[in-house]
Amino acid sequence: MRLYYSIDEMESEKKLYGTIALSTRVKVDFTFQNEKYTLIPYTVGDVTVLVEISDEKEVFDLLLEEYIKNSLLNTFIYPDEIKEISKHFKTELKSFKILVVKYNSVEEKEFSRYSLSNITFGVVAYNGLDIHLIPSNVKVREKEGYCVSDVVVTPEEGIRQALLLAKWFGKGTYTDLPKLAYEGGKYDEMMKWKDFIKYILVSNFDNEYFGGIIKRLNDFRKETYFNPLNKIEMTALGIILTKLGGGYVESDSYDII
């Protein structure tokens, strides 16, 4: 086993693999001087090191706990409504977008469906909204009430992103989330989550409270549609927190569980 604290410490032939491992945060297998190696990025606090191994057993115990923690943190448990809506979208497209349309009248609804009929691969009505599956290369004109996900590979994730926009901003594209947060939205319902947002933005999720944190995190994600472990959403939440009047304070000064 060998630890690299920076790319500069690596042999030149390994630096490309190290860069890939650090940027993707996933393990990278490679061959060097006829030997097979694996590089595993391992984060402790705000420091990420690269663990180089030639035998998985070398670090199995060391990485197992971190692997489990990361899996629990990064597994988004979609709300039931998203799971149900996604069942209606069957497509052979490998990637696509989800468009949510908010309308104020039957006439708006009919006009919207007619204008989108040439690009939609399906539409589901839900809670006063129309939810469309559209090709990934289609650009939707920016318009009040039109909420567009990023390019996704699963309906669940696209629906989540588009519903997030509809719930808090009423318009826009997912890739513009920080800009939308800066411009402002309907944040009253977010007030009860203010302390928790502070915690997830500044804390390392201590083992002692990890079970409670996971439960609270999943409740937050289901209710708000926000996934704070996505960088763009974490940025947006930081902006929203500022607008709610919540500064960055020490994480042990409030109750988050």
Side-chain angles (χ1 to χ4, degrees), residues 19-28 41 70-71 73-103 112-127 129-183 185 200 217-218 220-240:
T19 300
I20 294 172
L22 284 176
S23 62
T24 62
R25 298 298 172 92
V26 298
K27 71 176 184 177
V28 174
N70 284 335
S71 294
L73 287 169
N74 287 291
T75 299
F76 194 104
I77 301 175
Y78 293 101
D80 290 340
E81 65 268 23
I82 289 181
K83 294 177 183 177
E84 287 301 314
I85 294 168
S86 68
K87 292 177 182 178
H88 295 278
F89 290 122
K90 305 296 182 183
T91 177
E92 295 181 358
L93 295 175
K94 293 182 178 179
S95 61
F96 43 85
K97 297 177 184 176
I98 295 294
L99 165 65
V100 164
V101 180
K102 300 181 71 174
Y103 43 79
S112 170
R113 289 194 174 188
Y114 175 77
S115 63
L116 294 170
S117 60
N118 289 332
I119 63 170
T120 186
F121 276 71
V123 58
V124 175
Y126 165 74
N127 199 24
L129 306 169
D130 270 359
I131 302 175
H132 296 262
L133 187 149
I134 61 177
S136 59
N137 61 349
V138 169
K139 288 189 176 181
V140 178
R141 182 166 60 90
E142 199 169 306
K143 183 178 179 181
E144 191 70 30
Y146 279 50
C147 306
V148 190
S149 76
D150 197 1
V151 177
V152 295
V153 296
T154 64
E156 290 88 347
E157 180 58 16
I159 294 167
R160 178 190 75 82
Q161 293 179 11
L163 286 179
L164 184 158
L165 296 169
K167 180 178 178 68
W168 301 105
F169 311 105
K171 63 178 181 179
T173 61
Y174 179 78
T175 51
D176 287 335
L177 195 54
K179 175 185 175 184
L180 292 167
Y182 181 78
E183 292 174 349
I200 58 179
L217 177 61
N218 287 334
F220 175 77
R221 291 193 282 205
K222 286 182 178 180
E223 182 175 317
T224 68
Y225 300 130
F226 268 98
N227 184 6
L229 300 186
N230 286 356
K231 187 174 181 180
I232 190 172
E233 296 180 45
M234 181 179 287
T235 301
L237 284 170
I239 296 169
I240 291 172

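Between atom CG of residue Asn218 and atom CD1 of residue Ile77 there is a gap of 4.0 Å, rounded to the nearest 0.5 Å. Taking CG of Leu116 as the start and CD1 of Ile134 as the end, the distance is 7.5 Å to the nearest 0.5 Å. Atom CD1 of Ile232 sits about 7.5 Å away from atom OG1 of Thr235, to the nearest 0.5 Å. In this structure, CZ on Phe89 lies 12.0 Å from OG1 on Thr154, to the nearest 0.5 angstrom. Distance check: Ile85 CD1 to Asn127 CG gives 8.5 Å after rounding to the nearest 0.5 Å. Here Lys139 contributes atom NZ and Ile119 contributes atom CD1; the two are 13.5 Å apart, rounded to the nearest 0.5 Å.
Residue pairs meeting the salt bridge (charged side-chain N to carboxylate O under 4.0 Å, His left out) criterion with at least one partner in residues 220-232, sequence neighbours excluded, are Lys192-Glu223.
In this structure, the ring-ring contact (aromatic ring centres under 6.0 Å, His included) partners of Phe76, at least two apart in sequence or on a different chain, are Tyr78. For Asn74, the side-chain contact (heavy atoms from CB on, under 4.5 Å) partners are Asn70, Leu229, not counting sequence neighbours. Residues passing the salt bridge (charged side-chain N to carboxylate O under 4.0 Å, His left out) test with Glu157 are Arg160, sequence neighbours excluded. Residues forming a side chain to side chain donor-acceptor pair (under 3.5 Å) with Lys94 (at least two apart in sequence, or on another chain): none. Thr91 pairs by the side-chain contact (heavy atoms from CB on, under 4.5 Å) definition with Leu93, Phe96, Phe121, Leu133, not counting sequence neighbours. In this structure, the side chain to side chain donor-acceptor pair (under 3.5 Å) partners of Lys167, at least two apart in sequence or on a different chain, are Glu189. The side chain to side chain donor-acceptor pair (under 3.5 Å) check on Glu142 picks up nothing, with sequence neighbours excluded. Residues meeting the side-chain contact (heavy atoms from CB on, under 4.5 Å) test with Ser23, sequence neighbours left out: none. Every side-chain contact (heavy atoms from CB on, under 4.5 Å) that Asp130 has, sequence neighbours left out, goes to Val101, Tyr103, Lys109, Arg113, Val123, Ala125, His132.
Glu156 places no side-chain N or O within 3.5 Å of a backbone atom of Ser86 that could act as its donor or acceptor partner. Put simply, the side chain of Lys97 gets close to the backbone of Val138: a donor and an acceptor are under 3.5 Å apart.
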Checklist entry - Would Leu217 and Leu73 satisfy side chain to side chain contact (heavy atoms under 4.5 Å, CB included), going step by step from the backbone distance to the final call? => result CA-CA 8 Å; Leu217 177 61; Leu73 287 169; 3.9 Å; yes
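What you find for Leu164 and Tyr225 is that their closest heavy atoms are CD1-O, 3.2 Å. In this structure, Gly158 and Ser149 approach most closely via the heavy-atom pair O-CB, 3.4 Å. The minimum heavy-atom distance between Lys102 and Ala166, with the atom names listed, is NZ-O, 3.4 Å. Across all non-hydrogen atoms, the minimal contact from Pro155 to Ile98 is O-CG1, 4.2 Å.
Note: Phe226 and Phe169 have perpendicular aromatic rings, judged against thresholds of 30 and 60 degrees for the angle between ring planes.
Using a 4.5 Å heavy-atom threshold, the side chains of Ile159 and Tyr126 count as separate. Considering only heavy atoms from C-beta on, Lys87 comes within 4.5 Å of Glu84 through its side chain.
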Got a list of side-chain donor-acceptor pairs under 3.5 Å for residues 173-183, not counting sequence neighbours?
from	atom 1	to	atom 2	distance (Å)
Thr173	OG1	Asp176	OD2	3.1
Tyr174	OH	Glu233	OE2	2.5

